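Keep in mind it's a predicted model, so treat the numbers as computed, not measured.
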Amino acid sequence: MPVMFRALILLAVSFASVDASAQAPVRVETVSDSSIVRQIYVNGTVTSPRSALLSTAVAGIVEELMVDEGHAVNTGDPLLILDAELAQLALERALAEVRQQEVALEDAKRRFAEAEKVGTQQSIARTTIESLRSEVTSDGAALAASRAAAREQQAIVERHTLRAPFAGVVSQRMTEVGEWVNPGNGLLELVAVDNLRFDFRVGQDSYAMLTTETPVEITLDALPGRALNGRVDAIVPVKNPGARTFLVRVLAEADQSVRITPGMSARGKLSIDTGDRGIAVPRDAILRFPDGRITVWVVDDSGDTAKVHERIVQTGLEFDGFVEVLDGVSAGERVVVRGNETLQEGQEVSVLNGGL
């Protein structure tokens, strides 16, 4: 073997020995016993607590439209007015009948009072007095009926104006000025945009574990990088017979800086406490290999210098940056979470308190 070739081999071995014996800087975490959490990722939709397809209570021609799509309205705001000329004339006629009945009643009361005062002393028969009493009662009833008819006609006139039943935004307009509309025709769609909800479909295998105390983290595709904290408001125990899912309705904490509208897609992360305790290590401590092996590097500092040993582990649930370890490590041991990519069995390491 040439002298130069032997020198190159000795130099390579020397470098390898130096690399193997060098103390690799690593960051470690102590394995602890903790509550095991099951996390479920679901897709859903932002929904409104109130949505209505509005219609008028009477038929008529649309005379005026006050709103268009996208307009925000408050409760009681006028949205649409029908031509109420004929209804207004009928109201005036009903009010005139009320005044006529009031005059008739006052006259009947006057004649009855005079007859009762004079009485039989002036040869007024008792039957005449009782007849006048009945006339007063009849005129009183007629007045009450005419007043009711006037109130009814007044209500009909008012129903020619369509008002917002709740605060919201007009999402659709389905009529124009001059059109004839009938009761039941959809004219405007109104959607409430306050106190929005997040509806998620969750698999039936999670139904028994979900409660109103289950924390939920919400993200929206329209607002990447933002997360909202939510709480379960309702768990609807009616499963979708096709998909085998049930509805979970979530309310989010108010955040005025986040603009949300019904129809947006949403993602939810439900963190369910399984009630079990076990060993969990940071996700960064886990190394996965193509052959299926899952390992961690455990620090052994029983000697003069800290060394690392590779452990094959069996994992379980993953949650909040941690991985449940069913077998392979014990509570109190320290595992490498940074600098574990190139470690070798038995290699000396220097443990750093800060990050790498």
Side-chain angles (χ1 to χ4, degrees), residues 27-47 49 195-240 243-260 262-288 294 296 313-333 335 337-338 355:
R27 183 166 172 255
V28 302
E29 294 284 349
T30 301
V31 178
S32 62
D33 179 79
S34 61
S35 298
I36 303 301
V37 177
R38 178 183 178 186
Q39 291 184 329
I40 301 174
Y41 295 86
V42 291
N43 295 323
T45 305
V46 180
T47 62
N195 302 317
L196 298 179
R197 310 171 301 189
F198 299 83
D199 286 353
F200 298 102
R201 286 286 174 180
V202 180
Q204 61 182 354
D205 56 335
S206 303
Y207 178 75
M209 296 182 289
L210 278 176
T211 70
T212 54
E213 302 298 323
T214 301
V216 185
E217 182 181 286
I218 304 169
T219 56
L220 295 109
D221 295 337
L223 300 169
R226 299 291 299 271
L228 302 174
N229 294 322
R231 61 177 179 84
V232 176
D233 179 61
I235 302 173
V236 184
V238 179
K239 293 180 288 189
N240 184 322
R244 301 289 186 253
T245 60
F246 60 94
L247 175 66
V248 175
R249 180 158 288 158
V250 177
L251 300 180
E253 296 179 358
D255 188 344
Q256 300 298 327
S257 65
V258 178
R259 296 187 63 187
I260 304 174
M264 283 185 173
S265 59
R267 303 178 190 273
K269 181 175 72 174
L270 289 74
S271 299
I272 302 174
D273 190 346
T274 63
D276 298 329
R277 298 190 65 83
I279 301 299
V281 301
R283 185 180 292 115
D284 291 339
I286 299 294
L287 295 175
R288 303 178 187 272
I294 303 175
V296 298
V313 295
Q314 180 182 355
T315 59
L317 298 174
E318 296 189 19
F319 56 96
D320 293 333
F322 287 86
V323 179
E324 179 187 14
V325 176
L326 304 176
D327 184 45
V329 295
S330 303
E333 293 187 303
V335 295
V337 295
R338 295 289 298 275

K.L.:
Does Arg201 reach the side chain of Leu247, with side-chain heavy atoms less than 4.5 Å apart?
P.N.:
yes
K.L.:
Who passes salt bridge (Lys or Arg N to Asp or Glu O under 4.0 Å) against Arg249, sequence neighbours left out?
P.N.:
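Partners of Arg249 under the salt bridge (Lys or Arg N to Asp or Glu O under 4.0 Å) test: Asp199.
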K.L.:
Taking everything shown except Asn195 itself, do over 12 heavy atoms lie less than 6.0 Å from its CG?
P.N.:
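Counting neighbours around CG of Asn195, 12 or fewer heavy atoms of other residues, nucleotides or ligands fall under 6.0 Å, so no.
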K.L.:
Could you work out, with salt bridge (Lys or Arg N to Asp or Glu O under 4.0 Å) as the rule, every residue matching Asp327, not counting sequence neighbours?
P.N.:
none
K.L.:
Closest heavy-atom contact between Asp284 and Val337?
P.N.:
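Nearest heavy atoms, Asp284 then Val337: CB-O, 3.4 Å.
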K.L.:
Rounded at 0.5 Å granularity, tell me how far CZ in Arg27 sits from CZ in Arg338.
P.N.:
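Result: 7.0 Å between the selected atoms.
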K.L.:
Taking side chain as C-beta onward, heavy atoms only, is Asp233 less than 4.5 Å from Thr212?
P.N.:
no
K.L.:
Return the CD1 to CZ distance between Ile286 and Phe322, rounded to the nearest 0.5 Å.
P.N.:
11.5 Å
K.L.:
Using the side-chain contact (heavy atoms from CB on, under 4.5 Å) criterion, which residues pair with Thr211? Sequence neighbours excluded.
P.N.:
Glu213, Thr214
K.L.:
Using the side-chain contact (heavy atoms from CB on, under 4.5 Å) criterion, which residues pair with Leu317? Sequence neighbours excluded.
P.N.:
Ile36, Arg38, Thr274, Glu324
K.L.:
Supply the atom-to-atom distance Asn43 CG to Ser265 OG, rounded to the nearest 0.5 angstrom.
P.N.:
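So the CG of Asn43 and the OG of Ser265 are separated by 8.0 Å.
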K.L.:
Can you name the closest pair of heavy atoms from Val335 and Ala285 and give their distance?
P.N.:
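Taking every non-hydrogen atom into account, CG2-CB, 3.8 Å.
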K.L.:
With a 4.5 Å heavy-atom cut-off, do Leu196 and Pro262 have their side chains touching?
P.N.:
yes
K.L.:
Determine whether Arg197 and Leu251 satisfy the following criterion, side chain to side chain contact (heavy atoms under 4.5 Å, CB included), listing intermediate values before the conclusion.
P.N.:
CA-CA 5 Å; Arg197 310 171 301 189; Leu251 300 180; 3.6 Å; yes
K.L.:
Can a salt bridge be assigned to the pair Asp221 and Arg267 using a cut-off of 4.0 Å between side-chain N and carboxylate O?
P.N.:
yes
K.L.:
Looking only at heavy atoms, what is the nearest atom pair of Ile218 and Ala266, with distance?
P.N.:
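In this case the closest contact between Ile218 and Ala266 is CG2-CB, 4.4 Å.
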K.L.:
Of all the heavy-atom pairs spanning Thr315 and Leu326, show the shortest one and how long it is.
P.N.:
O-CD1, 3.7 Å
K.L.:
With sequence neighbours left out, write down each residue that passes side-chain contact (heavy atoms from CB on, under 4.5 Å) with Leu223, or none if nothing qualifies.
P.N.:
Leu220, Arg226, Val258
K.L.:
Of all heavy-atom pairs between Val323 and Glu318, which one has the smallest distance, and what is that distance?
P.N.:
CG2-CG, 3.8 Å
K.L.:
Any heavy-atom pair between the side chains of Phe198 and Ile260 that's under 4.5 Å?
P.N.:
yes
K.L.:
Suppose we screen for salt bridge (Lys or Arg N to Asp or Glu O under 4.0 Å). Which residues come up paired with Asp33, at least two apart in sequence or across chains?
P.N.:
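Testing Asp33 for salt bridge (Lys or Arg N to Asp or Glu O under 4.0 Å), a comparison that skips the adjacent residues, returns Arg277.
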K.L.:
Taking the side chain as every heavy atom from C-beta outward, state whether Tyr207 and Val202 have any atom pair closer than 4.5 Å.
P.N.:
no
K.L.:
Grab the two heavy atoms, one from Phe246 and one from Val236, that are nearest each other, plus how far apart they are.
P.N.:
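Reported closest heavy-atom pair: CB-O, 3.4 Å.
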